[in-house]
Amino acid sequence: MTTRQNGRPSQLFRNLNAKIASIPMVLTALVVFLGGTAWTVLYSFTSSKLLPRLNFVGLDQYERLWAAPRWMTAIENLAIYGFLSLIFSLVIGFLLAALLDQKIRFEDTFRTIFLYPFALSFIVTGLIWQWLLNPDFGFQGVVRQLGWESFTFNPLYNAEIVIYGILIAGLWQGTGLVMCLMLAGLRGIDEDIWKAARVDGIPMWKTYLFIVIPMMRPVFITTLVIIASGIVRVYDLVVAQTSGGPGIASEVPAKYVYDYMFAAQNLGQGFAASTMMLLTVAIVIVPWAYFEFGRRRHV
Amino acid sequence: MSDHAALNVAAAGFDAIAEEVSGPRGAKPRRVLSRRNIFLYGTLILIAVYYLLPLYVMFVTSLKGMPEIRLGNIFAPPVEITFEPWVKAWATACTGLNCDGLSRGFWNSVRITVPSVIVSIIIASVNGYALANWRFKGADIFFIILIVGAFIPYQVMIYPIVIILREMGLYGSLWGLVIVHSIFGMPILTLLFRNYFASVPEELFKAARVDGAGFWAIYFKIMLPMALPIFVVAIILQVTGIWNDFLFGVIYTKPDTYPMTVQLNNIVNSVQGVKEYNVNMAATILTGLVPLIVYFASGRLFVRGIAAGAVKG
Amino acid sequence: MSSVSVKDLSLNFGHISVLKDLNLDIAEGEFLVLLGPSGCGKSTLLNCIAGLLDISDGQIFIKGKNVTWEEPKDRGIGMVFQSYALYPQMTVKGNLTFGLKNAGVAKDEIERRVARTADILQIQPLLERKPSQLSGGQRQRVAIGRALVRDVDVFLFDEPLSNLDAKLRSELRVEIKRLHQKLANTMIYVTHDQIEALTLADRIAVMKGGLIQQLDTPHAIYNHPVNRFVAGFIGSPGMNFLEGQLETGAGAVVKIGNMPVPIDRYVFSGSSQQHTGATVLGIRPEHIAFGDGAGAMPFSHEVDIEIVEPMGSDTLVWTRLDGQSLSFRVEAERPLQAGDRVRIGFDPARASLFDSATGNRI
Amino acid sequence: MSSVSVKDLSLNFGHISVLKDLNLDIAEGEFLVLLGPSGCGKSTLLNCIAGLLDISDGQIFIKGKNVTWEEPKDRGIGMVFQSYALYPQMTVKGNLTFGLKNAGVAKDEIERRVARTADILQIQPLLERKPSQLSGGQRQRVAIGRALVRDVDVFLFDEPLSNLDAKLRSELRVEIKRLHQKLANTMIYVTHDQIEALTLADRIAVMKGGLIQQLDTPHAIYNHPVNRFVAGFIGSPGMNFLEGQLETGAGAVVKIGNMPVPIDRYVFSGSSQQHTGATVLGIRPEHIAFGDGAGAMPFSHEVDIEIVEPMGSDTLVWTRLDGQSLSFRVEAERPLQAGDRVRIGFDPARASLFDSATGNRI
Amino acid sequence: TDLEVTHWWTSGGEAAAVSEFAKAFNATGNKWVDGAIAGGGNTARPVMISRITGGDPMAATQFNHGRQAEELVEAGLMRDLTDLATKEKWAEIVRPKSLLDGCTLDGKIYCAPINIHSWQWLWLSNKAFEEAGVPVPKNWDEFVAAAPALEKAGKIPLAIGGQPWQNSGAFNVLIPAIAGKDVFLKVYQDKDAEVAAGPEIAKVFKAADDARKMAAKSNVQDWNQATNLVITGQAGGQIMGDWAQGEFQVAGQVAGEDYTCLPGLGVNELISTDGDAFYFPKLDDPEKTKAQEVLASTMLNPKTQVAFNLKKGSVPVRADVDLTAANDCMKKGLDILAKGNVIPAVNQLNTEDTNNQLNDLFVEFFKTPSMTPEDAQKRYADIIAAAE
Ligand SMILES: Nc1ncnc2c1ncn2[C@@H]1O[C@H](COP(=O)(O)OP(=O)(O)OP(=O)(O)O)[C@@H](O)[C@H]1O
Ligand SMILES: Nc1ncnc2c1ncn2[C@@H]1O[C@H](COP(=O)(O)OP(=O)(O)OP(=O)(O)O)[C@@H](O)[C@H]1O
Ligand SMILES: [Mg+2]
Ligand SMILES: [Mg+2]
């Protein structure tokens with residue numbers, strides 16, 4: 001190893017500019033995300049109320065969390081909402097993209113129509129759909145006015161199905177982006193694959209199902225990350241549409257966190273809840289992120 | 001042409017003549033109203049109606065008077081068009097003692113959005129560039145943390161960020177808010193930029209290094225001019241995201257500088273007797289107008305940019 | 001009966017006319033190569049024949065049947081693509097059988113055909129692998145297999161070898177040739193590599209700008225190109241072109257600068273009398289004699305060697321004649337160096353003359 | 001003094017060792033070609049020399065100066081990339097001057113150098129165009145110009161021609177050769193095209209798996225490959241390999257099947273006594289005589305023609321000897337057909353013998 | 001000097017009341033910068049807390065006094081008003097004394113109480129009962145009995161907004177009304193879980209069960225939307241604090257004529273002494289610090305107190321003001337107050353955490369018909385047992 005002494009400069013100062021330029025990212029990652037998370041986890045073991053204080057109470061906050069019916073409802077809702085919204089966004093987004101990919105006229109117009117809700121915030125989305133689903137003025141009211149008196153479509157006021165009412169709004173807002181991603185993915189598929197399938201006499205739907213979709217794996221993964229990160233954080237939509245009601249039927253974890261941190265002034269409880277959320281996310285995401293971004297190198 | 005070939009042509013010519021009379025010729029006829037087209041466009045139009053309905057209802061409602069709303073059908077066009085809700089939403093709706101509607105919030109939103117978009121995009125694009133092209137040791141770890149950070153509910157971070165900003169002495173200033181937006185825009189934007197710059201041929205980067213360009217020279221002179229599509233995507237995402245933000249806007253500003261969304265919330269949630277749906281809808285449309293215009297104007301670029309940056313995992 | 005026949009085919013993309021009134025007849029069992037520079041419409045023509053593009057005008061017959069409006073799968077064709085276009089998530093076997101299953105072919109028949117195909121292409125050991133686990137050459141073989149297994153009469157190849165490296169390319173070229181000898185199917189093969197065209201084809205259609213320039217046997221195209229474009233496109237190292245003046249009359253000559261090249265033994269396509277004036281004389285590097293033999297040629301001259309390019313099996317030497325660049329081929333063993341002065345010569349009977357203005361052979 | 005010198009260079013990507021203890025000395029003004037199959041580490045080596053990759057171990061000297069840890073710009077090199085890597089948003093002139101401006105070269109000096117470079121490469125009319133408005137060959141020229149304008153001693157080329165079509169490739173090859181003759185700079189040129197290597201190189205380094213297999217003149221590499229890999233890699237159409245048994249003693253022979261090939265005139269690299277047993281005999285297609293001359297050769301045999309590949313200037317004929325595939329080259333004019341029975345022969349002195357197990361020349 | 005004041009009073013009556021403060025403060029030559037945040041305390045409080053802890057505080061901010069701001073005071077972020085209070089003799093003029101106690105920590109006063117609110121009111125629409133053909137009830141039991149008639153007339157018997165605090169609030173009103181003051185104190189002051197699980201509270205749950213059946217059809221969110229249902233005669237009644245009176249007033253309705261108010265639900269005439277208070281975060285700017293004092297004393301100024309409370313529908317914190325302008329309902333309240341029939345406010349007894357748990361429980365109870373009163377009571381007792 002004589003060469004090592006041959007003036008190999010310190011690794012620290014190689015690409016110094018790149019490192020300097022990355023400081024905002026490094027700080028954000030370390031101080032805000034990692035630090036903030038660690039801070040949150042730490043205080044979840046305390047009985048902090050309005051202000052964070054280090055009076056440790058062990059796992060009390062967690063015990064209480066898992067005994068709280070509202071938390072359980074929130075988890076259940078997130079599971080239903082998350083699962084369905086994942087499935088439906090992907091399916092609808094893909095179907096829309098596939099429709100638009102048929103060399104249709106006015107593609108731009110249709111695409112813009114499907115995409116524009118994405119420009120609106122969840123708050124606005126929630127408000128619109130609250131209004132459309134209002135039993136007196138909305139769909140139900142209109143159908144009843146048309147003479148079908150017994151028609152009932154009242155998701156926001158029926159605890160059993162309220163989460164689906166939120167899902168409708170969420171899908172309306174988000175599928176456009178999914179469509180866009182899928183469309184980009186479809187356009188990236190080698191034209192020859194389509195030709196090969198046509199020569200083989202494979203019907204269109206089979207080509208999509210068995211050939212194209214499996215080829216779009218990276219697009220699906222990117223999309224999945226984007227949708228999933230939105231789902232975990234879903235809050236504004238629920239607040240704007242139902243405020244968690246009726247009762248606690250449409251509570252979600254992020255709202256639980258928020259309410260306990262600020263309304264109930266029980267930071268410890270809020271932090272415990274958010275730690276649980278983070279833990280779940282981490283279990284799913286970290287291995288994936290490592291696999292996806294950590295190991296692969298672009299040559 | 002050799003004889004051999006000429007013979008072939010002649011022989012084939014005879015076969016063909018008989019068929020030519022009967023057989024199909026030219027482009028395959030395509031009926032405009034084929035079953036496929038009816039299905040395709042039918043479906044598309046139906047879905048388009050579904051997507052447009054809320055916008056339509058908002059718009060129609062905002063042009064009606066309250067009595068008409070209470071009695072009528074939300075889908076019916078207004079019998080009597082009134083612009084009063086718009087005027088009220090923009091200029092006179094009250095929150096507490098402030099009765100100037102959304103008007104004040106508009107410029108506040110602009111003042112918040114413009115620097116936030118610029119700063120967050122600069123930071124993210126430099127990050128993406130450093131990650132894609134200068135891969136120094138450990139960079140990926142930070143990136144993974146960043147990506148995982150995209151899943152953290154914003155609410156959880158309010159406290160830590162309040163503390164961080166307080167320690168930096170930036171709490172309550174515009175720059176504090178800009179930093180917050182940069183932080184929360186960073187994961188997705190960095191991902192976009194990183195993917196985009198990774199798709200730029202590495203040789204270009206190498207050529208620039210041989211040409212003696214350093215980190216910044218390559219960024220500004222080589223990468224930036226080529227990254228237009230992805231910048232469009234980033235700008236669109238950030239403009240809409242920051243414009244639509246409520247949580248940070250309300251926490252990190254003051255009444256004088258409340259963005260439009262906060263005022264929208266105030267108008268919509270300050271119920272005075274009955275809900276004035278028409279004013280709410282007008283206010284909602286007004287607030288959403290900027291992002292909507294951005295989308296309608298640049299949808300095509302958005303799709304192209306997405307294709308360039310987002311899809312390559 | 002011709003196997004594939006294209007009549008007055010036109011194809012436009014919007015306002016751009018890509019193929020113009022094209023006619024082509026391919027005999028049963030013939031190996032036809034479509035050769036031409038990039039963008040000349042080769043793939044477009046192939047796609048029209050396959051039914052993958054809707055033509056604008058004209059008719060297409062396959063085995064005497066008018067298939068102008070038929071779906072690709074009903075045309076009795078198999079196609080091999082440049083990028084292989086294998087279904088990446090299916091095994092090799094899956095790739096081979098997917099089309100057959102769709103067509104409802106019976107199970108044991110599928111097995112039989114897969115076995116036969118795998119046998120012909122020697123891909124049995126690969127049947128359970130995914131395309132990503134194959135080398136380029138293996139992928140190409142599987143792509144051919146996918147066409148083969150369909151048991152069709154006409155094979156269409158769209159630059160099937162251009163993604164491979166030179167070594168593999170020459171190996172697979174031989175395999176395709178063997179395959180054709182074994183199967184005796186009609187094959188239409190698109191390439192822009194003239195070596196492939198020359199080695200594989202029964203006949204070559206040289207295309208340019210959506211038109212067929214020349215349709216003939218490799219030999220005819222190589223030795224009697226109808227115009228300067230074809231002459232230059234075929235042959236590597238390429239034909240030398242020398243600008244000159246054709247002077248007919250007593251002892252017709254082409255004057256290169258002030259050197260007269262006697263062309264009385266040249267066979268004009270029309271009558272030589274029609275042509276005088278600016279002419280291009282084309283002569284292939286291997287038809288230029290050098291050293292001892294050169295002096296015996298009807299035309300010979302002394303030149304300075306500029307560049308020597310040893311190519312292993314032989315050596316290409318660059319020189320200038322009347323200031324115009326000229327290359328000739330010598331055996332690898334000749335000890336030549338840049339700067340040497342040597343005598344070269346050629347027989348104008350082996351040359352081609354083209355009209356300077358139109359580029360057509362005269 | 002050697003111009004570029006690489007000592008014990010190693011490079012690992014993570015756990016994968018790509019270059020292993022590599023040594024290389026390149027003389028002033030030499031044209032060295034790095035040749036090898038895809039993935040063998042050619043580009044990696046070039047990038048190490050250019051300073052674009054951090055090496056794991058070893059040292060690099062350019063003009064006697066240890067540049068192991070220098071920045072690329074400080075190494076006095078110019079580099080030309082496979083994909084041209086022109087800055088798409090700058091004009092040609094912008095591309096040429098970018099590096100000079102970065103280095104703070106004075107304005108009139110920049111103008112002077114650009115003018116000179118444009119002159120050498122004849123790209124004056126293109127200076128104001130954007131790369132997207134250039135043809136492939138023009139882009140390549142600009143890419144070379146970008147290296148040229150830097151006025152450096154060492155040029156690095158990474159497969160600069162592989163994106164071009166065959167015609168253009170052979171033209172530009174000649175231009176690069178001319179350029180080298182004019183500038184007399186040191187050039188290191190990466191390619192996997194053996195024709196390029198043979199025509200351009202003063203010396204060729206044949207690489208495989210991160211190791212240099214043979215470093216020698218084109219002639220030596222073509223005629224005396226050190227192992228079967230080099231032998232097979234160089235030459236197109238490729239060398240024929242015939243498996244056989246080496247039997248030494250009175251009149252050494254290699255037995256191909258039951259045909260004895262006398263090899264008493266073959267020059268062994270070591271002592272022939274050391275070798276017996278399984279041996280591969282390599283013979284190039286152009287060294288196989290055919291027809292009248294064949295009988296006179298030390299070894300000759302009658303074979304059936306399987307495939308005839310006319311390649312324009314000459315024809316490649318495929319046959320079998322002892323069931324093993326064998327090709328030989330004949331002039332284009334010979335009227336041969338598959339199925340013909342002919343006599344072929346060769347002089348074992350022109351063959352190469354390899355150990356079957358190790359592949360090394362014996 | 002400009003002072004920014006944050007609060008969440010954005011309904012019609014509330015805004016009118018706030019403007020009285022602003023007018024009075026502006027009259028002192030300063031300027032009231034209004035920082036209303038709509039959406040109730042849950043939206044506004046995080047903003048306030050963040051800004052105070054973040055070091056960019058407003059000049060004054062509303063909090064329900066009680067325990068909400070305790071920690072901020074302990075952290076030294078709030079201004080000590082003791083000097084001002086001594087000078088202006090708050091201890092003497094503010095009644096009941098418990099209000100000032102709520103502002104006091106370690107003998108120092110940190111906030112200015114501005115009104116007395118009581119929760120224990122049942123508001124009834126005379127018009128609704130007229131249309132249903134039944135007399136206006138005089139107490140809870142009559143009200144429950146009248147429910148079927150109201151329903152038949154197509155009216156919602158009881159209007160309750162969907163927000164959690166309205167549901168738990170209604171329940172907390174039912175406790176003293178049905179089970180009496182002692183039980184109320186045992187549960188909330190002593191946190192006696194046994195009582196909470198006992199038969200007295202079971203009766204309250206029965207009543208709550210009635211209430212939720214009557215409220216099944218009320219589809220509104222905000223409390224004032226619910227009040228509006230009563231004002232327009234679409235609903236029979238609403239259990240809501242005295243702030244509802246502001247809405248009746250804004251709508252131009254007259255107590256006794258258009259609507260009827262029953263304190264303590266007409267059963268036990270008790271009222272609580274909730275109240276709003278303003279806190280004054282510490283500021284660096286001495287000008288503003290001085291102005292804060294002016295603001296505090298303006299708020300407690302007798303004239304401002306009257307003007308504000310008349311609009312707000314609450315009772316002034318000082319006894320020495322002229323309330324002849326007060327209406328029927330407010331007078332009833334003043335009477336009860338004078339008699340001393342007061343109970344402490346739930347807010348003062350419970351932490352926000354406990355309140356929030358109660359909110360969760362009752363919003364679920366009121367909106368989930370399948371949840372039995374027994375189950376709910378069990379959970380109720382658990383929450384009381386765990387409360388501090
Ligand atoms: N979908 C299309 N729309 C418009 N023009 C097209 C389309 N497809 C091909 N073209 C044009 O038609 C011409 C012929 O294209 P084609 O693909 O047939 O060329 P090619 O001979 O196969 O070239 P290559 O050797 O590069 O594959 C080109 O000029 C091309 O630009
Ligand atoms: N950044 C990298 N990380 C890991 N492995 C790499 C990287 N770059 C190259 N390699 C590996 O190093 C080996 C040599 O690569 P290199 O690019 O030098 O090959 P090459 O000889 O230039 O091939 P080609 O002719 O295809 O350009 C390859 O096996 C490649 O997979
Ligand atoms: Mg093509
Ligand atoms: Mg390489």
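Letters A, B, ... are given to chains in the order of the sequence lines, protein chains preceding strands, and every chain is numbered from 1. Quick caveat, the model's predicted, so the values are computed rather than measured.
Both the backbone and the side chain of Val174(C) have a heavy atom closer than 4.5 Å to some heavy atom of chain D. Both the backbone and the side chain of Pro310(C) come within contact range of chain D, judged by heavy atoms closer than 4.5 Å.
If you tally non-hydrogen atom pairs under 4.5 Å between each of Ile221(D), Ile307(D), Ile195(D) and chain C, the highest count goes to Ile307(D).
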Scan chain D against chain C and return every donor-acceptor pair whose distance is under 3.5 Å.
unit_1	atom_1	unit_2	atom_2	d
Lys167(D)	NZ	Gly232(C)	O	3.1
Arg173(D)	NE	Glu309(C)	OE2	3.2
Arg173(D)	NH2	Glu309(C)	OE1	3.3
Arg178(D)	NH2	Glu306(C)	OE1	3.2
Thr199(D)	N	Pro310(C)	O	3.2
Tyr222(D)	OH	Ser313(C)	N	3.1
Gly232(D)	O	Lys167(C)	NZ	2.9
Glu306(D)	OE1	Arg178(C)	NH2	3.4
Glu309(D)	OE2	Arg173(C)	NE	3.4
Pro310(D)	O	Thr199(C)	N	3.2
Ser313(D)	N	Tyr222(C)	OH	3.0
Ser313(D)	OG	Arg329(C)	NH1	3.2
Asp314(D)	OD2	Arg329(C)	NH2	2.7
Arg329(D)	NH1	Ser313(C)	OG	3.1
Arg329(D)	NH2	Asp314(C)	OD2	2.7
Glu333(D)	OE2	Arg350(C)	NH2	2.3
Arg350(D)	NH2	Glu333(C)	OE2	2.4

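Among residues two or more places apart in sequence or in another chain, the side chain to side chain contact (heavy atoms under 4.5 Å, CB included) test is passed with Pro131(C) by Leu86(C), Asn95(C). For Phe354(C), the ring pair (Phe, Tyr, Trp, His ring centres under 6.0 Å) criterion is met by no residue, not counting sequence neighbours. With sequence neighbours excluded, no residue forms a ring pair (Phe, Tyr, Trp, His ring centres under 6.0 Å) with Phe241(C).
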